[in-house]
Structure formats: C-alpha cells, structure tokens
**Student:** 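Here it is: the structure, laid out below.
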Amino acid sequence: MATPATPATLRTARPLEGLSLETSGPPGPADGLVAEHLRLLGVGGHAPPGGRFALSEGRETGPGAVTAHLTWGEGVVDEATTQAATGIMAVHGRRDGGPRGLAVDYAATAAGVLTVQGLLAGLLARARGGRAPSVEVSAERAGLLAVSQYLAAAGAEEGEAAELAPGGPPFTAADGTVFELETLDPGVWAAFWRALGAPEDAIRKGWRPFQFRYATACAPFPPVLHEIVRTSSWERVREAAGLSHADVCPLTSLAQRAAEYDGAAPWQLTPHEAAYSGTTAPVDAPLAGLTVLEAGRRIQAPLAAHLLGLLGAEVIRIEPPGGDPLRGMPPACSGISARWLALNRGKKAAEVDIKSAADRERLRDMAAQADVFLHNWAPGKAAQLGLDHEHLGAANPALVYAYTSGWADRLPGAPMGTDFMVQARTGVGEAARPADEPPAPSLMTLLDVLGGLLGTEAVLAGLLLRERTGQGVRVDSSLLGAADVLTAPARARAAQGLDPRRPAGFRRPLRTADGWIALPDHAAIPHDMSELPTAQALEELRGRGLTAVPVVTDLADLLSSGSISRDAHGAPAVPDPWSFA
C-alpha cells in the first residue's frame, strides 16, 4: 500500500472506457437503461436493442467477453405481470386498500441496474484474475428483492407492530396544496400537530403508524388529522412546520422536475492519486477477498452493502454501542428483526462510538485495511467527525469511499432526504399513478431500494476503476438519482410538452369473485370477470390466448414458492438477483 497521504482529486473518470458493447436477441425489459448506464460508464458506440449484452476489449467479442442476459421470470411476461406475481402490487396498494400497479416500470428498472451490476462484477472478477463469467438477471427476482423486507416480515414468528390497513400521506391543505410531512422525532410530530390544533388523542394514536409506514407501506392514522389539515391554509401548515422543525414538501409535478433537471448521471466517480497494487489471485466470487465497512442506517446503504456481500465481499457493519437498535424492530425471527435480517444477514458487526475520539481513530485504522467504506449519514456529518473521504483517504489512498445520500447536493434548499420526501420533490407521486388517481408518493420504499441498487452499481464501478487505474475513488449516489432514473420516460414526455402520466386504469388489476388477476400492459381488457373465481377467469383468458396471472395479495403466499428459502434464523430470504455461470 502507498505511503499515506491526503488524496489529490483528479477529473471524473469512467471505468469502461476502451470497452465495446454488442447486443443480441430480442429486446429485453430494460435494455435501454442498461445501454445508457454502460455509456455513462465509458462504453463507446451504439448498439441496437437486445436482451443480451457482451462487453469486451476491442471491436470483436470473444472468449474473454463478459456477458449478461436480462429476462422476465417463469410465467410472467412483462412489467404488469411481474408486479402482480412478486407482491409489488400488493405492497404498493396497501395505502389504498387493494392491489395497485405502479405506473412506472419499477421491476424492469431494478432489473436493468442489477444487470449493469452483474456486468461490472464480471469485469471486476476478470481484472482480479478470475474467469469472465456470464450473468443472468430476471425481472421477477428483481421484484422479489424489491419487496424482500415486506416478505421477511410476512414470514416472521410474530405479527406486525403496526396495523396493516388503508391510509397514509400525502396531506391536502385548504387551498389544495398536496404535501408530504416528514420527521423522525415523536416530539416534533406532536409539536407540528399541536400547532394546527389537533386533538391530543389523535396525535398520540397517529405517531406509531406514521413512524412504521416505511416498514408497512401504509399509515392508518386517525382521519381527524387529514381533516385538520384540510381546514388549514398552506401558509399555516408551513408556520406549524417551522415552529416544530418538521419538514413539509409540496408535491412537484413531472413538468416542474423536467424544467429543472440538470442531466446529471445517477452517480459520480471521482478518482484521486493512489498506488493500488491490485489482487491477481483467482477468486471464487467477484468480490471475494475484499472488505467493505458499512456505516449504514435504514435501507439505502445497508441494501447496497448486502448486495456487495452477496457478490463475495466481507461486510463489516459499523454499529453504535449496544448494536443497531433496528435489530429489535418487530416482527422478529429467533429474536432478531426479520426486516433487519433481509438487509443484513451474513454481515459481521463492530461496535464503534463515533462520538468518541478514540473510537473514531479505531475506525480510521479499520478503513486503512478495507477496500470500501460505505455510509449514508446526514449531509456534513462525516466531515464533522473527521471521517470524510479526505480523512479516510489519508490513511488509505486506495480506498473506494462511497456516500449514498438523499440529494447529492444537487437541489439547494431541498427538504430532508428521505424516500417519501424525495418522491414528493421529484414528481414520482405523479409518475407512479395513472391519470385517474391523484398524484401521491407510494408508501412502498421505492427510492430507498432503487437508491441502494444504484449505490452498489457505483461501488462496483469504483472498484473496477481502481483495478484499471490504480487510483482510489470517491463514489456518490443518491435517492435523487434513483428518482431521476425511475421517472426518466415520464419526465422525457413532460419535457416534450406531452402528457407524462399513464392513462386512466393503466396497470390496474381486475377483480374476480375471490381475488385479482393482472393482464400484460397492452392486452385488451376483457369483459367483467368479477363474478368468476380466479382460476376460472384465468382459464377463460388463456383459452383466448391471453396471458394473465393471479395477483399476490398476501405476501405469505409467496413463502411456499420454490424460490424463497429460510436463513439460519428462520427468516425468509429471496434468491440472489444474479446467476453467474
């Protein structure tokens, strides 16, 4: 390792420069996204749409190429049927009391990012002395990964800590302003509602469902809270937020987001001077032998590190004294939170008191021996603690320092950088729902999950750039970048002056006598089937040559599928999103 020195930042670089891309086969569910991300990472030229990708050096692909194949799953054929079969419709629809399809192509977007991850991991394995693998990713597995926390809770030994029932934000003020409210502090929650004159009983009963909405995808708090807001002007709401230190954010339209969009990539790679010798021994997994330190909370950074662990890295979680309090978040399996296990199983843990100077020095020593340091602390906290990339890079100039943030410092005056606030500020509430539903952010953690996926993609790109150049790298990704990736098609329509929203009824499942069914996006809707049992409705549709699937409404029904396993604690575990061969 090089003599420790403060790293000098170089220009932003791209790890795939000099590589060529070939595509083949029928178009896949997210081949445009895959090609765009590969272009942003440095691949030159233009390849026609195709569901198979091959990256190699030079103009001709050969035995040394890394290949990837993006598919749907068995029995599903497109976004709508994937959302139905994997539980995405069930989770997104909890706020509304029944399954609802996301009007954005969420499973395909996640699958596209996972495909880029697979290609980067394959290139990294080859650079580290391994063979060039082929990678397969299915949109169905991507959908299961997206709901993995909810699925884990459904298979826990105990019930949910908060009620699963319709209800939740956003709120509507007296003048029609629709907005999201955010606070992580029960005292701030209470002060906000007291400033609006809400009854104490409603304030008390509302906190728990509001607090747990990230876990349950619904928030059935007392209706009087909505009523209080509907009689309050937007100015009064803002005053209450200012007095209580709560955050409020009006919903931004896609046209507004398109007008301010800066065209930035969903991540940034900034290399610095370093002397990294690399590893040349063959590896059993793309990241085998690498160490990731993760100081993550909630979903975004822990998910990114979880995926790095699945790719072979040793992941060490940096937890406060006494351990991560979310380990005890109900429901539990063998005494450990099922949701926590969905993101953190298999990781090691080190308790570090970052408020202590001695422990911060110990963390710097740990970073000096690591390959990646990953965190999603509040903006400015790392610098305040002396744990920013300049500080850790001084001890380890070859470190890949990864920050998964809310806003990436791209929107001045932005509210708190949490999932639902970023959804509100970027037009996701409009993009996620068809024209006959009022714009509203999904209470499914869309951006936390997609932001975690993009964080993994950024780290893999940084590791590959380090292997190719010998330079340490800072990588930045964000929930804002995730929102821009997810809404890109709708935002492009808005920028052209077109209606960015999907038509009324788009991707809405059909009621049967005992459940729901979903058809592909562009299939003609048949006659009313609400009086037919689901099995008979499916048989009739298939007899007409129409593909249809039953909609999963209870995630517990997925637990008996062959793809879901149980970990050592008995918690449900979804399959790895990639298959390497």
Side-chain angles (χ1 to χ4, degrees), residues 1-13 15 124 267-279 287 289-297 300-302 304-305 308-309 313-321 324 347-406 408-409 452 455-456 458-467 469-478:
M1 184 170 293
T3 302
T6 301
T9 300
L10 303 176
R11 67 177 180 86
T12 298
L124 189 59
W267 18 244
Q268 183 175 8
L269 310 179
T270 308
H272 52 73
E273 298 282 2
Y276 171 65
S277 60
T279 55
L287 304 190
L290 301 184
T291 300
V292 175
L293 295 183
E294 175 227 319
R297 56 180 184 172
Q300 184 185 13
L308 295 171
E314 178 184 66
V315 180
I316 303 173
R317 271 183 60 77
I318 305 303
E319 300 187 4
D324 185 349
K347 299 177 183 177
K348 297 181 179 179
E351 294 185 11
V352 176
D353 182 2
I354 58 175
K355 298 178 182 179
S356 159
D359 269 17
R360 290 196 299 272
E361 187 60 35
R362 182 163 67 94
L363 183 54
R364 293 186 194 99
D365 290 341
M366 294 172 67
Q369 305 302 317
D371 298 280
V372 177
F373 181 80
L374 168 67
H375 75 91
N376 62 342
W377 290 329
K381 183 175 182 178
Q384 180 184 4
L385 294 171
L387 298 173
D388 209 350
H389 70 289
E390 291 92 348
H391 308 111
L392 299 190
N396 181 357
L399 184 70
V400 174
Y401 184 99
Y403 181 34
T404 59
S405 67
D409 293 327
T456 305
V459 169
L460 291 169
L463 286 167
L464 182 60
L465 186 62
R466 184 181 74 161
E467 287 289 339
T469 67
Q471 296 168 348
V473 187
R474 170 169 178 149
V475 301
D476 289 88
S477 60
S478 65

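Residue indices begin at 1 and follow the sequence shown.
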**Student:** Find the distance between CG (D476) and OG1 (T270) and round it off to the nearest 0.5 Å.
**Tutor:**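 Those atoms lie 6.5 Å apart.
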**Student:** For H391, is there any backbone N or O sitting under 3.5 Å from a side-chain donor or acceptor partner on R364?
**Tutor:**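 Not at all, since once roles are kept as given, no pair shorter than 3.5 Å links the two residues.
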**Student:** Rounded to the nearest 0.5 Å, what's the gap from CE on M366 to CG on N396? Could you check?
**Tutor:** 13.0 Å
**Student:** So, for A370 and L293, which heavy atoms are closest and what is the spacing to 0.1 Å?
**Tutor:**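 Residues A370 and L293, closest heavy atoms: CB-CG, 3.9 Å.
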**Student:** Decide side chain to side chain contact (heavy atoms under 4.5 Å, CB included) for L385 and R360; before the verdict, give the C-alpha distance in whole Å, the side-chain angles of both, and the deciding distance to 0.1 Å.
**Tutor:** CA-CA 8 Å; L385 294 171; R360 290 196 299 272; 3.9 Å; yes
**Student:** After noting the C-alpha distance and the side-chain angles of V372 and L463, does the key distance pass the side chain to side chain contact (heavy atoms under 4.5 Å, CB included) rule?
**Tutor:** CA-CA 8 Å; V372 177; L463 286 167; 3.9 Å; yes
**Student:** On a heavy-atom basis, which atom in A301 and which in G296 lie closest, and how many Å separate them?
**Tutor:**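 Here A301 and G296 meet closest at CB-CA, 3.8 Å.
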**Student:** Check for a donor-acceptor pair, side chain of K347 on one end and backbone N or O of G309 on the other, with a separation under 3.5 Å.
**Tutor:**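 Looks like no, no N/O pair under 3.5 Å.
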**Student:** Ignoring hydrogens, what is the shortest heavy-atom contact between W377 and L387? Give both atom names and the distance.
**Tutor:**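 Taking every non-hydrogen atom into account, CH2-CD1, 3.7 Å.
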**Student:** Could you check D388, L399, L269, V400 and say which one makes a side chain to side chain contact (heavy atoms under 4.5 Å, CB included) with R474?
**Tutor:**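 So, applying the side chain to side chain contact (heavy atoms under 4.5 Å, CB included) to R474 and each of D388, L399, L269, V400, only D388 qualifies.
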**Student:** Between atom CG of L374 and atom OG1 of T404, what is the distance when rounded to the nearest 0.5 Å?
**Tutor:** 5.5 Å
**Student:** In terms of relative ring orientation, are Y401 and H375 parallel, tilted or perpendicular, with 30° and 60° separating the classes?
**Tutor:**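 Geometry flag for H375 against Y401: perpendicular rings.
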**Student:** With sequence neighbours left out, write down each residue that passes salt bridge (charged side-chain N to carboxylate O under 4.0 Å, His left out) with E351, or none if nothing qualifies.
**Tutor:** none
**Student:** Is R362 salt-bridged to D365, going by a charged N under 4.0 Å from an acidic O?
**Tutor:**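 So R362 does not pair with D365 through a salt bridge.
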**Student:** Closest approach of S478 and G406, non-hydrogen atoms and distance?
**Tutor:**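 So the two residues come closest at CB-O, 3.7 Å.
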**Student:** Using every non-hydrogen atom in the two residues, find where G452 and A304 come nearest and quote the distance to one decimal.
**Tutor:**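 Heavy-atom minimum between the residues: O-CB, 3.4 Å.
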**Student:** What is the distance from atom CG of D359 to atom CG of L363, rounded to the nearest 0.5 Å?
**Tutor:**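 Output value for this atom pair is 8.5 Å.
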**Student:** Working to the nearest 0.5 Å, report the span between CG of L124 and CG of L465.
**Tutor:** 11.0 Å
**Student:** Residues in salt bridge (charged side-chain N to carboxylate O under 4.0 Å, His left out) with R317, at least two apart?
**Tutor:** E294, E319, D324
**Student:** For N376 and P302, which heavy atoms make the closest approach, and how far apart are they?
**Tutor:** ND2-CD, 4.5 Å
**Student:** Look up atom CD1 in I318 and atom CG in D353, then write down how far apart they are to the nearest 0.5 Å.
**Tutor:**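 Going from CD1 on I318 over to CG on D353, the span is 12.5 Å.
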**Student:** Once salt bridge (charged side-chain N to carboxylate O under 4.0 Å, His left out) is applied, do any residues pair with K348, and if so which ones, sequence neighbours excluded?
**Tutor:**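 With sequence neighbours excluded, K348 shows a salt bridge (charged side-chain N to carboxylate O under 4.0 Å, His left out) to E314, given in chain and number order.
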